[in-house]
Number of protein chains: 2
Amino acid sequence: MKIGDIALETGFSIETIRFYEKQRLVKNVGRNANNYRDYGEEQIAQLVFIKQCRNIGLGLEEVKSLQSHLENPQSDCGEVNRLIGSALKKVREQLKLLHETEQQLKHLNSLCDHSGASHECGIMNELRTTSNF
Amino acid sequence: MKIGDIALETGFSIETIRFYEKQRLVKNVGRNANNYRDYGEEQIAQLVFIKQCRNIGLGLEEVKSLQSHLENPQSDCGEVNRLIGSALKKVREQLKLLHETEQQLKHLNSLCDHSGASHECGIMNELRTTSNF
DNA sequence: ATAAACCCTGAAGTGAATATAGGGTCAATT
DNA sequence: AATTGACCCTATATTCACTTCAGGGTTTAT
């Protein structure tokens, strides 16, 4: 299986897959005669695992950490719990901020919907006055 | 007013304020005899304006664009509208994704809350099976 | 006099990719 | 046989918004 195929299959870009290999997140990649990378089921599983981790907001080093728990089934899973717990906490903080941002933007968005001189634009006037310009 | 003072006043770090000056987001910064930067009300307004823009998710180039609308009151505010509109759209997309992420994480978080071998960890087992490892 | 707490510059590092330059390989068509 | 287009390769640079670092100078308090 060539890199373009696995890219299609996993939804990662070719460049990202090569990048993950350099970062040792994708392992045991073979090469065929012409030096093209050769992928199999193992690499698909690795990439799907990475995708899941990235989708829940984990960083690449955290992904590596979870990979090592996969590879060492006897390891204590306390770290896994901490990792997921703190990811959940971070996501909830982000959600709170993003909700506030949405309210701000909705408010601004309501202040102008026409074209005209900036000094008569409700959005610009709001931004100007709240920053004491 | 020295950089440390305005940093405290505006909530930006000293380094960020110097960085914004290099990026021409903060302007007309004076210098006193010892070559220390010297700030006044104008720079406070600039930084508060930047802070508002960053808080609603705008990038530095977008901040510059809004600044130029402040500086050119006769300019057409159509761009301002588009900018805010697309920011709102992006934020809503992010919110949708983040809500999904939260659900995922809540689910995972419910699968294990003890210490033990990783191969008996509900979180790890979920991640393993969904990636076909 | 000295130490702590400021300030300065310029360059490099961060994360997670994405893009670019410059080249090799392969299958199909002309 | 030659060429075209779609792939693949490496290595390096760029992105964004900062942050950190190295190596200094200045001011304030003891």
Side-chain angles (χ1 to χ4, degrees), chain A residues 1-26 29-40 43 46-67 83 86-87 90-91 94 97-98 101, chain B residues 1-26 29-40 43 46-67 83 86-87 90-91 94 97-98 101:
Chain A
M1 196 182 207
K2 286 190 289 181
I3 198 167
D5 305 323
I6 201 174
L8 260 182
E9 184 122 346
T10 61
F12 285 112
S13 78
I14 288 172
E15 292 76 18
T16 298
I17 293 169
R18 285 199 280 246
F19 170 72
Y20 283 166
E21 183 182 346
K22 205 180 293 176
Q23 304 299 307
R24 303 171 189 282
L25 281 152
V26 175
V29 179
R31 295 281 176 146
N32 57 23
N34 49 25
N35 198 35
Y36 288 8
R37 289 173 177 82
D38 190 18
Y39 299 92
Q43 285 73 41
Q46 289 168 9
L47 284 166
V48 173
F49 184 83
I50 296 168
K51 176 138 281 186
Q52 286 188 89
C53 294
R54 298 288 300 125
N55 280 350
I56 56 178
L58 302 184
L60 300 188
E61 286 305 315
E62 295 173 319
V63 178
K64 280 187 196 172
S65 165
L66 290 193
Q67 279 182 337
L83 228 146
S86 96
K90 271 182 215 153
V91 164
Q94 268 194 65
L97 280 177
L98 215 50
T101 299
Chain B
M1 197 182 205
K2 284 189 291 183
I3 198 167
D5 304 325
I6 200 174
L8 260 182
E9 185 122 347
T10 61
F12 286 112
S13 79
I14 288 172
E15 292 77 17
T16 298
I17 293 169
R18 284 198 281 245
F19 170 73
Y20 283 164
E21 184 182 347
K22 206 179 293 177
Q23 305 299 307
R24 302 172 189 282
L25 281 152
V26 175
V29 178
R31 295 280 177 146
N32 59 23
N34 49 24
N35 198 35
Y36 287 9
R37 287 174 179 79
D38 190 17
Y39 299 92
Q43 285 72 40
Q46 288 168 8
L47 284 166
V48 173
F49 183 83
I50 296 169
K51 175 138 284 188
Q52 287 188 88
C53 293
R54 298 290 296 126
N55 281 348
I56 54 177
L58 302 184
L60 301 188
E61 286 306 315
E62 294 173 319
V63 177
K64 279 188 196 173
S65 164
L66 290 193
Q67 279 181 338
L83 229 145
S86 94
K90 272 182 214 156
V91 163
Q94 268 193 64
L97 279 178
L98 215 49
T101 300

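Worth saying up front: this structure is predicted, and the values here are computed from it rather than measured. Each chain gets a letter, A, B and so on, in the order the sequences are listed, and its residues count up from 1.
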(request) For A:Glu21, check side-chain contact (heavy atoms from CB on, under 4.5 Å) against everything at least two apart and list the hits. (result)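 Only A:Val29, A:Arg31, A:Arg37, A:Tyr39 meet the side-chain contact (heavy atoms from CB on, under 4.5 Å) criterion with A:Glu21.
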(message) Among residues at least two apart in sequence or on other chains, which ones pass side-chain contact (heavy atoms from CB on, under 4.5 Å) with A:Ile14?
(response)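 With sequence neighbours excluded, A:Ile14 shows a side-chain contact (heavy atoms from CB on, under 4.5 Å) to A:Ile3, A:Ala7, A:Arg18, given in chain and number order.
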Value in whole Å for how far the [atom2] atom of [N] lies from [atom1] of [X]:
X       : N      : atom1 : atom2 : answer
A:Ile17 : D:dC7  : CD1   : C1'   : 14 Å
A:Ile3  : D:dC7  : CD1   : P     : 13 Å
A:Asp38 : D:dC9  : CG    : P     : 10 Å
B:Phe19 : D:dC21 : CZ    : P     : 18 Å
B:Leu25 : D:dC16 : CG    : P     : 13 Å
A:Arg37 : D:dC9  : CZ    : P     : 5 Å

Checking [X] now: which residues fulfil side-chain hydrogen bond (donor to acceptor under 3.5 Å, both in side chains) with it, not counting sequence neighbours?
X       : answer
A:Ser86 : none
B:Thr10 : none
A:Gln46 : A:Glu42

(message) Need to verify one output field. Residue with the more 5' nearest nucleotide on DNA chain D, B:Glu15 or B:Glu61?
(response)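 Residue closer to the 5' terminus by nearest nucleotide: B:Glu61.
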Nearest 0.5 Å please: distance from the [atom1] atom of [X] over to the [atom2] atom of [Y].
X       : Y       : atom1 : atom2 : answer
B:Lys90 : B:Leu58 : NZ    : CG    : 8.5 Å
B:Gln23 : B:Thr16 : CD    : OG1   : 11.0 Å
B:Ile56 : B:Leu66 : CD1   : CG    : 7.0 Å
A:Leu8  : A:Met1  : CG    : CE    : 8.5 Å
A:Ile6  : A:Asp38 : CD1   : CG    : 9.5 Å
B:Gln43 : B:Ile50 : CD    : CD1   : 10.5 Å

(request) Please tell me which of the listed nucleotides, D:dC9, D:dT20, D:dA17, lies nearest to the side chain of B:Leu60? (result)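 Taking heavy atoms from C-beta onward, the closest nucleotide is D:dA17.
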(request) Please find the earliest and latest nucleotides of DNA chain C, in the 5' to 3' direction, that have an atom within less than 4.0 Å of any heavy atom of chain A. (result)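 Endpoints of the contacted stretch of DNA chain C: C:dA16 to C:dC26.
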(message) Any side-chain N or O of B:Thr16 below 4.0 angstrom from OP1/OP2 of D:dT19?
(response)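 For D:dT19, OP1 or OP2 has a side-chain N or O of B:Thr16 closer than 4.0 Å.
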(request) Just call it for A:Arg18: base, sugar-phosphate, or nothing, with non-hydrogen atoms closer than 4.0 Å on any strand. (result)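 Base, at least one base heavy atom under 4.0 Å.
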(message) Applying a 4.0 Å non-hydrogen cut-off, can you work out what A:Tyr20 is touching in the nucleic acid: base, sugar-phosphate, or nothing?
(response)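 Sugar-phosphate, no base atom in range.
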Listed pairs, N/O of protein and of nucleotides 24-29 of chain D, under 3.5 Å:
| unit_1 | atom_1 | unit_2 | atom_2 | d |
| --- | --- | --- | --- | --- |
| D:dG25 | N2 | B:Tyr36 | OH | 3.0 |
| D:dT26 | O4' | B:Tyr36 | OH | 3.3 |
| D:dT27 | OP1 | B:Asn34 | ND2 | 2.7 |

(request) Give the minimum heavy-atom separation between A:Val91 and B:Leu98, together with the two atoms involved. (result)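 Shortest heavy-atom contact: CG1-O, 3.9 Å.
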(request) Heavy atoms only: give me the nearest A:Thr101-B:Asn55 pair and the separation to one decimal. (result)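 That would be OG1-O, 3.2 Å.
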(request) Please list residues of residues 46-58 of chain A whose heavy atoms come under 4.0 Å from any atom in DNA chain C, ordered by number; otherwise none. (result)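 A:Arg54, in order of number.
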(request) Just jot down the salt bridge (Lys or Arg N to Asp or Glu O under 4.0 Å) partners of A:Lys64, sequence neighbours excluded, or say none. (result)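 So A:Lys64 forms a salt bridge (Lys or Arg N to Asp or Glu O under 4.0 Å) with A:Glu61.
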(message) When you compare the side chain of B:Asp5 with that of B:Glu9, does any pair of heavy atoms fall below 4.5 Å?
(response)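 Result no, sub-4.5 Å side-chain heavy-atom pair not found.
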(message) For a stem of at least 3 consecutive Watson-Crick or G-U pairs with distances under 3.5 Å, i pairing with j, i+1 with j-1 and so on, which stems involve DNA chain C?
(response)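 Stem list for DNA chain C: C:1-30 with D:1-30.
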Just the atom pairs and distances: protein N or O near nucleotides 12-14 of chain D's N or O, under 3.5 Å.
none

(request) Check ring-ring contact (aromatic ring centres under 6.0 Å, His included) between A:Tyr20 and all other residues, then give those that pass, not counting sequence neighbours. (result)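 For A:Tyr20 the ring-ring contact (aromatic ring centres under 6.0 Å, His included) partners, ignoring immediate neighbours, are A:Phe12.
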